[in-house]
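Remember, it's 1-based here, ligands and their atoms both numbered in the order they're listed. It should be emphasised that the depicted structure is a prediction, and the values quoted were computed from it without experimental measurement. Quick note: residue numbers are just sequence positions, from 1.
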Amino acid sequence: MKVIVAEHSGICFGVKRALDTVYSESKKCETLCTLGPLIHNPQVVESLRKEGVGVADKVADAKGAIVMPSHGVAREVIDEALSLGLKVIDATCPFVSNVHEKVRRLARSGYEVVIVGDSGHSEVKAIKSAAGDNAVVLESAEEASKGDWNGKMVGIVSQTTQTPACFAAVVAVIAAQATETLAYNTICYATHRRQSAARELAPKVDAVVVVGGRNSANTNRLAEICAETGVPTYHIEKAEELDPAKLAGAKVVGLTAGASTPDWIINEVKTALESM
Ligand code: SF4
């Protein structure tokens with residue numbers, strides 16, 4: 001089986017930065033944990049555990065030093081950790097911090113803040129917290145069309161892993177009604193490149209394998225984008241999940257991976273596919 005790896009795939013700048021931070025801090029701190037899984041990838045979390053880095057579900061469970069995840073946390077969470085005497089290591093990706101800064105500025109300037117994203121995702125919850133009480137989260141243009149934007153000043157940002165199409169559709173609905181709309185496309189370049197590369201690759205292959213955590217928003221989007229092209233798409237977390245029966249008729253398989261999937265997992269999947 002021939003395997004074509006997407007031009008842009010796998011671990012991104014922000015996740016690499018967070019991982020490097022944790023590995024280097026694990027050598028300096030006696031007790032270190034991350035608040036929740038550092039990234040949405042169970043294999044990486046397990047490898048960190050072997051290095052002695054634990055996972056605290058909540059700040060109160062942590063001891064020593066605590067690492068805030070790359071997708072960011074609410075300011076109150078950092079304040080709570082500091083008040084408990086913990087050393088706080090903030091691994092928030094600079095692209096996410098930039099969104100926090102933008103929504104704070106929008107809210108201060110009197111805009112009603114709209115975040116285009118998944119309301120249940122931790123990144124979105126943290127952005128909402130930075131924006132203050134009046135911010136709303138919209139997942140689609142359909143949701144936007146149910147709101148009343150007439151006469152309002154609306155400031156719009158997006159979750160860093162949104163698709164440009166969804167963001168643009170929400171902005172169009174609001175801009176058609178609001179008195180003033182200020183929209184910042186805050187989809188990060190890593191997401192944009194991975195999505196474009198997947199969209200380009202999918203129509204050229206017989207099937208696509210997308211590697212990454214099932215709870216990883218950006219990996220799920222890559223799988224959606226590939227599936228939308230009509231090509232059979234399989235989302236897996238590791239090589240052992242490959243099903244040879246499903247790929248039996250495929251001569252050329254495309255391979256892409258979410259922004260929290262390290263190279264070693266992608267290589268394992270590639271090797272397994274090539275041996276089929
Ligand atoms: S996907 Fe983008 S925003 Fe998220 S951690 Fe990676 S570089 Fe940062």
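Residues Ser47 and Tyr23 form a side-chain contact, since some pair of their non-hydrogen atoms from C-beta on lies under 4.5 Å apart. Taking the side chain as every heavy atom from C-beta outward, Val96 and Ser70 never approach each other to under 4.5 Å.
Remark: minimum distance from atom 4 (Fe) of ligand 1 to any protein heavy atom is reached at Thr160 OG1, 4.0 Å. Remark: minimum distance from atom 6 (Fe) of ligand 1 to any protein heavy atom is reached at Cys12 SG, 2.2 Å. Of all protein heavy atoms, the one lying nearest to atom 2 (Fe) of ligand 1 is Cys188 SG, 2.2 Å.
Using a cutoff of 4.0 Å between basic side-chain nitrogens and carboxylate oxygens, Arg17 and Asp20 are not scored as salt-bridged. At a threshold of 4.0 Å, the pair Lys2-Glu274 does not count as salt-bridged, since none of the basic side-chain nitrogens sits closer than that to a carboxylate oxygen.
Look at Cys93 and atom 6 (Fe) of ligand 1: no N/O/S atom of the residue is under 2.8 Å from the metal.
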